[in-house]
Amino acid sequence: MVIYPECQVRAQKEMDAVIGTDRLPEFEDREKLPYLECILQEILRWNHSAPTGVPHRTLEDDVYRGMFIPKNATIVTNISNEDYLITRAMTLDESVYKDATKFDPTRFLPAPEGRNEPPTTALYGFGHRKCPGRFLADDNLWIAIATVLATVSISPAIGQDGKEIIPEATVVASGITRRVRSNFHIQGIYLIKLADSHAKSFTCRIEPRTRGASKVLAQSIDSVQ
C-alpha cells in the first residue's frame, strides 16, 4: 500500500460505502467488497510467501504431458519464483496474466473495468495433498487486510530531507524459519529450494484514518480480552 496508494484509497472508499466508519468489517461483508477481494487475490498472485510450495515425493512412476516422472522423485513446484530454472512461474505466466509482474488488482474484475483474469489456485498445493487449512488461511488473510484498511492509512515515511521514502518492491527469499534451506539436484541442475519469501525491511507511516476508527478498533480489542 506504500507503493500503490491508489489501491489503498480505492479499497477504503469501497469499504466506507458498504460498511461505513462505525464498525469493523465482518465476513458477511466479503461478497459486497469486490475490489478488496481483488487486492487479496493480487497479493497472493503477485508475490506470495511460498513461491515454490512444499516439496512432494512421487509414490509411483508417472507420466505427465509426455514426461516420465520416476517413483520417489522430488517434485518442486514453481508457483511464483521467476528466477527458478525449472519453468516459468505459474502466477507470473504472461499467457494468463497481462503485465504479470505489475501489481494490478483490477485484472480480476470483469470487463470492461478489468480483464477477468483467473485468481490463482496453485499456492495452497495440488490434488489430494492440497493444504487442508487453506480456507482458514484465506479467511484470516481477508479479515486482516479488511481490518487494516478500514482503520488505518499506510503511507511513506518522511526522510530527514523532508521527502517521502518510497521503498523498492524487493523480496527476500528464505526458509520457513527464515534461514532453513533444502537442497535438490534435478537433472544435473543444482537448486537451492527457498521455502518462503517476505518483503525486505522498510519504513512507513501507519496512522488511524479517523478518531472513530481508533475507537472502534479499541472497542473490538477490549471485547475479546
Worksheet entry | Residue list, side-chain contact (heavy atoms from CB on, under 4.5 Å) with Tyr64, at least two apart or on another chain | Met67, Ile69
Discussion item. Running the 4.5 Å side-chain criterion over Ile, Leu, Val, Met, Phe, Trp and Tyr, what cluster does Phe68 land in, apart from itself?
Written reply: Val63
Item to complete: Could you tell me which non-hydrogen atom of Ile165 sits nearest to which non-hydrogen atom of Pro167, and how far apart they are?
Response: O-CD, 3.4 Å
Worksheet entry | Set of side-chain contact (heavy atoms from CB on, under 4.5 Å) partners for Pro118, sequence neighbours left out | Val96, Tyr97
Discussion item. Using a 6.0 Å cut-off, check whether atom CZ of Phe27 has over 12 heavy atoms from anything other than its own residue.
Written reply: yes
Worksheet item: After noting the C-alpha distance and the side-chain angles of Leu149 and Gln8, does the key distance pass the side chain to side chain contact (heavy atoms under 4.5 Å, CB included) rule?
Response: CA-CA 7 Å; Leu149 291 180; Gln8 175 178 226; 3.9 Å; yes
Worksheet, complete the sentence: Ala150 and Ala213 have their tightest heavy-atom pair at O-CB, 4.3 Å
Worksheet item: Counting only heavy atoms not in Glu31, do more than 12 sit closer than 6.0 Å to its CD atom?
Response: no
Worksheet item: Atom CG in Asp138, atom CD1 in Ile143: separation rounded to 0.5 Å?
Response: 11.5 Å
Practice prompt. For residues Trp142 and Pro25, report the shortest heavy-atom separation together with the two atoms involved.
Written response: CH2-CB, 4.4 Å
Worksheet item: Are side-chain heavy atoms of Thr91 and Trp46 found at a separation under 4.5 Å?
Response: no
Worksheet entry | Asn72: partners by side-chain hydrogen bond (donor to acceptor under 3.5 Å, both in side chains), with sequence neighbours left out | Arg57
Discussion item. Taking side-chain contact (heavy atoms from CB on, under 4.5 Å) as the definition, give me every residue that meets it alongside Lys98, ordered by chain and number, with sequence neighbours left out.
Written reply: Arg115, Glu117
Worksheet item: What are the two closest heavy atoms between Met1 and Cys7, and how far apart are they?
Response: CE-CB, 4.3 Å
Worksheet item: Rounded to the nearest 0.5 Å, what separation is found between the CD1 atom of Ile75 and the CG atom of Asp62?
Response: 8.5 Å
Item to complete: Output every pair passing salt bridge (charged side-chain N to carboxylate O under 4.0 Å, His left out) with a member in residues 208-219, not counting sequence neighbours, ordered by first then second residue.
Response: Asp16-Arg209
Worksheet entry | Under the side-chain contact (heavy atoms from CB on, under 4.5 Å) test, residues paired with Pro132 that sit two or more places apart | none
Worksheet entry | ring-ring contact (aromatic ring centres under 6.0 Å, His included) against Tyr4, all qualifying residues, sequence neighbours excluded | Phe103
Acceptor/donor pairs from residues 33-44 side chains to any protein atom, 3.5 angstrom cut, sequence neighbours excluded:
unit_1 : atom_1 : unit_2 : atom_2 : d
Glu37  : OE1    : Arg30  : NE     : 2.7
Glu37  : OE1    : Arg30  : NH2    : 3.3
Glu37  : OE2    : Arg30  : NH2    : 3.0
Glu37  : OE2    : Gln41  : NE2    : 3.1
Glu42  : OE1    : Arg45  : NE     : 2.7
Glu42  : OE1    : Arg107 : NE     : 3.3
Glu42  : OE2    : Arg45  : NH2    : 3.0
Glu42  : OE2    : Asp104 : N      : 2.7
Glu42  : OE2    : Arg107 : NE     : 3.1

Fill in: Partner set under salt bridge (Lys or Arg N to Asp or Glu O under 4.0 Å) for Glu113, not counting sequence neighbours
Arg10
Discussion item. Donor-acceptor check, side chain of Ser220 to backbone of Val216, threshold 3.5 angstrom: yes or no?
Written reply: no
Review item, side-chain donor-acceptor pairs of residues 152-161, under 3.5 Å, at least two apart:
unit_1 : atom_1 : unit_2 : atom_2 : d
Ser155 : OG     : Arg205 : NE     : 3.4
Asp161 : OD1    : Lys163 : N      : 3.0

Discussion item. In the structure I gave you, are the side-chain heavy atoms of Thr58 and Pro70 within less than 4.5 Å of one another anywhere?
Written reply: no
Fill in: Cluster link Ile3 to Val148, ILVMFWY, side chain under 4.5 Å
yes
Practice prompt. Any pair with a residue in residues 17-29 that passes salt bridge (charged side-chain N to carboxylate O under 4.0 Å, His left out), sequence neighbours left out, goes on the list, sorted by first then second residue, please.
Written response: Arg23-Asp29
Worksheet item: Is there a path of hydrophobic side-chain contacts, each under 4.5 Å between heavy atoms of I, L, V, M, F, W or Y residues, that connects Val2 with Ile206?
Response: yes
Worksheet item: Counting only heavy atoms not in Glu60, do more than 12 sit closer than 6.0 Å to its CD atom?
Response: no
